[in-house]
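Take a look at the structure below.
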Amino acid sequence: MTENLVIVESPAKAKTIEKYLGKDFRVVSSFGHIRDLAKKNLGIDIKNNFSPEYEIPKEKAKVVAELRKAAAESKNVWIASDEDREGEAIAWHLVSVLKLNLPTTKRIVFHEITKDALEKAILNPRQVDMNLVNSQQARRILDRIVGFEISPVLWKKVQPALSAGRVQSVAVRLIVEREREIIAFKPESSFRINGIFRTDPDSTENNLIRAEAGKRFSDENDAARFLEVCSSSEFRVAGISVKPGTRSPAPPFTTSTLQQEAYRKLGFSVSQTMTVAQKLYEAGKITYMRTDSTNLSKLALAKSREVILSEFGEKYSRTRQFKTKSKGAQEAHEAIRPAYLNSLTITGSQNEKKLYELIWKRTIASQMADAEVERTTISIAMNNSPVIFSAAGEVIKFDGFLKVYTESTDYENGDEEKYILPSVKKGMLLHYVTISAFQKYTTPPPRYTEASLVKKLEELGIGRPSTYAPTISTIQNRGYVLKEDRPGEKRQLKIITLSKGTISTSSKTEAAGKEKAKLFPQDIGMIVNDFLLENFSEIVDYNFTAEVEEQFDEIAEGRLKWTGMLDKFYSAFHKTVTDTLEKKNRKTGIRILGVHPETGEQVSVKMGRFGPVAQIGDSAQEGKPRFASLNRNQLLETITLPEALNLFRLPRSLGIYEGDEMVVGTGKFGPYVRYRNKFYSLKKGVDDPYSVTVERAAAIIKEKGENDKKKVMKDFGEILLLNGRYGPYLSKDKKNYRLPKGIQADKLTKEDCIGIINESEKTKKRTD
DNA sequence: CAGTGAGCGAGCTTCCGCTTGACTT
């Protein structure tokens, strides 16, 4: 018999707490929620006051059995789940599943894991707060109702297996609306005038002043004319202003800001960041990684100060406590910080080291002094034009926190680099080195990255630290959005330069719209979004979550009845569901593009059974309509008649290579050449299926053949030993088998291979 | 790996938020 059993949510937390509590306490973990609404059906008896049907999921059965046993063996049970809505619900489910006594079960909470905090918590147990539990039940049931009533409407009216939800549908909406802004955007070009000046015309020293003219020119000829004016002008310093300023460090990391910075500084995806952070947490190297709090414990503040004093000195230290700003924050944990602030580095994988260092720097910097800067602006006047050039420079007088860490921004602009300006006096004569007019296009609003989407969702108070990464996976898994790179389109930029009295013109190419790992909406995402906006505008409203959150708060405070709140929501919502099912037509995103120039048949595009498709002819007319799939990166919304007609040119016969026909087409994985019943992919960004030549196609086929030969290390007839991306492996009957560790691939015999394959098949069956 | 788009219909799909492994490649 144990004297005391403490139940927490996370096993790593259980381990650390056990160390502090001593022999009389056994600490175990519930691994999060132990019960949920029934998986099948709605799991809610709506007519019976929204009575929930809870069940223990299969994968939780073992944990629950162990918890039951532990509880039975203990005199006192202490429930120490997190101090928020979800944590309180976990506590209540534990009480009912473990058949504990609600009024006497000791509910305790703590925000930092120190001996002091734990002892204080143990001395102040309370009861499970049923108001807070009920606010969680309302949240859970509302989400289930929204998801499980709208999704089937989509299956009927749009396509099977789609989904909608309070969080995911807003995430998709953000991406779709941004894309439409980009589609509607018309870039405009203008010429900016940049001059490089120096004080002494003969000096070769690097004390240059880079200044921009206060006027831009939309017309190239006007820009050139201005440079002519410049060539005969005198330039003098018209004014100098020096202003002191300060810069302050960013708060310590929350889940959302960690995901953003790890993406910007380390190139991690949102889910990669969470996997690496989980490893660090389990190893006891950082505090909990799913948090919305920027709070640091007193201990962490003191330790940070100690580290800063010894590393950088007194004047670099400034203890700060940050207030959490984000909407709906529940602050059950600390900010994400190193568990031991005096460890600057750790052992572990490269990614673990990198992420840890980022967390260390951010935490330490947040406790350091402001940086002091001096911003200097020099204005330069001309004697034959009212245009003023101005140069901005920044000098860091005291680096403060910048010694350790600078926060990145999403869209870093090289143009805004700060220079140190040489010292000049008012009225001083300046000499230009070059003055250039650079053509520049305005850019559309940026597409979302995973990280910037998380940032936006957090600002709207939608989603929680534990769901940002899964939500991003969901909207990609459903096919609503796709994360991809785009090469962009080449665009010429003109540069007109005045140098030593003569004007010359040159040009530079840029890839307009080049994108890396951005979220692009897909047709099905746009169709579903529009359908939801038309029929369920309340649910996809950016304020919906904030509004229901207010009501959940009222429930938590005991000012609102949870069943009443749900009833009010449901009666209006359910009517919308039935009305939509009854009255609305299927939504296919159909667009009539026009008529075929030769046959006069109708040409249209729509979402077909297997994806977006262009169609010539109408099933109402005679003859079967013809179909062609749209290419990736074409949208139903923007495709034109000629582009649609062009799709019907494929597949086409290309010609003969060594006696057999080559056919070019475009399939699920992009453009290909088919030759002797085998597919050869055309090179992305290099080959175009409409214009690829016979010679080029033959070269692709030949090259692939040679590569395949290189791949084969040994050929045992039906079994092949192949060299793959991850090293050698076996292939038989189109199935691949991994080699056991430590085997020398080049010494394998056919018998060895058969043995490996049989062994692998056996273990596979066991796990089935 | 890639090509498809007649029509019918059984049975399936689906939410958010709290936690980790157990999987395969």
Side-chain angles (χ1 to χ4, degrees), chain A residues 8-14 29-37 39-44 57 59-60 62-63 81-82 84-91 93 136 139-156 159-169 274-275 278-279 281-282 288-290 330 332 462-468 470-471 474 477-478 539 545 588 606-615 619 624-629 650-651 663 665-674 677-682 724-726 729 734 736-738 764 767:
Chain A
V8 296
E9 290 182 40
S10 145
K13 197 172 177 180
S29 151
S30 76
F31 294 79
H33 275 291
I34 54 158
R35 255 195 343 188
D36 193 13
L37 294 175
K39 235 183 154 67
K40 303 231 163 179
N41 314 321
L42 191 60
I44 305 159
E59 62 274 17
K60 280 285 152 78
K62 206 176 139 198
V63 179
S81 47
D82 297 343
D84 58 15
R85 209 159 62 197
E86 298 298 327
E88 205 65 18
I90 289 173
H93 283 300
Q136 192 274 348
R139 198 281 304 156
R140 178 67 191 91
I141 289 170
L142 180 121
D143 280 336
R144 169 59 70 91
I145 288 172
V146 168
F148 275 38
E149 291 214 359
I150 300 183
S151 298
V153 179
L154 294 177
W155 306 340
K156 273 221 166 74
Q159 226 173 53
L162 296 174
S163 66
R166 176 177 57 82
V167 174
Q168 59 169 284
S169 298
M274 295 313 284
T275 311
Q278 177 88 31
K279 279 258 160 59
Y281 169 65
E282 282 169 16
Y288 196 58
M289 65 282 153
R290 288 185 278 264
Q330 303 189 6
I462 298 171
R464 304 277 314 132
S466 67
T467 60
Y468 296 136
T471 299
T474 301
N477 290 341
R478 299 276 172 273
I539 306 298
T545 292
T588 61
K606 67 172 186 193
M607 181 56 68
R609 278 209 293 160
F610 308 111
V613 71
Q615 180 175 348
S619 43
K624 266 193 189 172
R626 284 173 288 148
F627 296 94
S629 288
L650 295 178
V663 174
T666 183
K668 201 166 157 191
F669 305 109
Y672 63 84
V673 183
R674 197 181 64 204
N677 270 328
K678 271 181 137 177
F679 291 89
Y680 302 86
S681 287
L682 296 189
R725 232 176 356 142
Y726 309 113
Y729 66 98
K734 290 195 173 177
N736 295 338
Y737 302 88
R738 215 167 28 176
K764 212 174 156 200
T767 56

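Heavy atoms only: backbone and side chains are in, while hydrogens, waters and symmetry mates are out. Numbered from 1 within each chain, the chains take letters A, B, ... in sequence-line order.
- Between A:Arg35 and the phosphate of B:dC18, there is no side-chain N or O to OP1/OP2 separation shorter than 4.0 Å.
- Separating the CG atom of A:Asp84 from the P atom of B:dC18 is a distance of 6 Å, rounded to the nearest angstrom.
- If you check every strand for non-hydrogen atoms under 4.0 Å, A:Gly165 touches sugar and phosphate atoms only.
- Put simply, the side chain of A:Arg464 and the base of B:dC18 share no donor and acceptor less than 3.5 Å apart.
- For B:dT14, the OP1/OP2 oxygens have no side-chain nitrogen or oxygen of A:Arg166 closer than 4.0 Å.
- Nearest-nucleotide assignment on DNA chain B puts the 5′-proximal partner with A:Asn41, out of A:Asn41 and A:Pro465.
- One atom, OH of A:Tyr468, and another, P of B:dT19, lie 13 Å apart when rounded to the nearest Å.
- For A:Phe148, taking side-chain heavy atoms from C-beta onward, the closest of the listed nucleotides B:dC15, B:dC18, B:dC16 is B:dC15.
- Within the 4.0 angstrom heavy-atom criterion, only backbone atoms of the sugar-phosphate kind lie near A:Gln168; the bases stay farther away.
- Taking atom CZ on A:Arg85 and atom P on B:dG17, their separation rounds to 8 Å, with Å as the unit.
- Atom CD1 of A:Ile34 is separated from atom C1' of B:dC18 by 11 Å (rounded to the nearest Å).
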Every protein N/O within reach of nucleotides 4-10 of chain B N/O, cut-off under 3.5 Å:
residue: B:dG5; atom: O6; partner: A:Ser629; partner atom: OG; Å: 2.6
residue: B:dG5; atom: N2; partner: A:Arg609; partner atom: N; Å: 2.8
residue: B:dG5; atom: N2; partner: A:Phe610; partner atom: N; Å: 2.2
residue: B:dG5; atom: N2; partner: A:Gly611; partner atom: N; Å: 3.2
residue: B:dG5; atom: N2; partner: A:Gly611; partner atom: O; Å: 3.4

When you compare the protein's N or O atoms with those of nucleotides 20-22 of chain B, which come within less than 3.5 Å of each other, and at what distance?
residue: B:dT20; atom: OP1; partner: A:Ser10; partner atom: OG; Å: 2.5
residue: B:dT20; atom: OP2; partner: A:Gln278; partner atom: NE2; Å: 3.3
residue: B:dT20; atom: OP2; partner: A:Arg290; partner atom: NH2; Å: 2.7

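- Inspection of the A:Ser466 and A:Arg290 side chains reveals no N or O donor paired with an N or O acceptor under 3.5 Å.
- At least one side-chain nitrogen or oxygen of A:Thr467 sits closer than 4.0 Å to the OP1 or OP2 atom of B:dG17.
- A distance-only check finds no donor-acceptor pair linking the side chain of A:Ser81 to the backbone of A:Val8 [under 3.5 Å].
- Nucleic acid contact class of A:Arg626 (heavy atoms, under 4.0 Å, all strands): none.
- When every heavy atom of A:Ile34 is checked against every heavy atom of A:Pro57, the shortest pair comes out as O-CD, 3.5 Å.
- The closest donor-acceptor contact from the side chain of A:Ser29 to the backbone of A:Glu9 lies under 3.5 Å.
- Distance CG (A:Leu682) to C1' (B:dA2): 12 Å, rounded to an integer number of Å.
- Within 4.0 Å (heavy atoms only), A:Leu162 reaches sugar-phosphate atoms of the nucleic acid but no base atom.
- For the residue pair A:Ile150 and A:Ala164, the shortest heavy atom distance occurs at CG2-CB, 3.7 Å.
- For the pair A:Thr467 (side chain) and A:Gly463 (backbone), a donor-acceptor distance under 3.5 Å is absent.
- Scanning atom types as modelled, no donor and acceptor separated by under 3.5 angstrom connect the side chain of A:Thr666 and the base of B:dA2.
- OP1 or OP2 of B:dC15 has at least one side-chain nitrogen or oxygen of A:Ser163 nearer than 4.0 Å.
- Distance CG (A:Leu142) to C1' (B:dG17): 14 Å, rounded to an integer number of Å.
- Here A:Gly463 lies in heavy-atom contact (under 4.0 Å) with sugar-phosphate atoms only.
- Counting non-hydrogen atoms under 4.0 angstrom, A:Ser81 reaches nothing in the nucleic acid.
- If you measure from atom NE2 of A:His33 to atom P of B:dC15, you get 17 Å, rounded to the nearest angstrom.
- Considering only side-chain N and O atoms, A:Gln136 lies nowhere under 4.0 angstrom from the phosphate OP1 or OP2 of B:dG17.
- Counting all heavy atoms, side chain and backbone alike, A:Arg166 lies closest to A:Val146 at N-CG1, 4.0 Å.
- Across A:Gly147 and A:Pro152, no two heavy atoms sit closer than the pair O-CD, 4.3 Å.
- In this structure, A:Ala12 and A:Tyr281 approach most closely via the heavy-atom pair CB-CE2, 3.5 Å.
- Contact detail for A:Arg144 and A:Asn41: the closest heavy-atom pair is NH1-O, 3.5 Å.
- Between the side chain of A:Lys60 and the main chain of A:Phe31, a donor-acceptor pair closer than 3.5 Å is present.
- Using a 4.0 Å heavy-atom distance criterion, A:Ala89 is classed as making no nucleic acid contact.
- Residue A:Trp155 contributes atom CH2, which lies 10 Å from atom C1' of B:dC15 at whole-angstrom precision.
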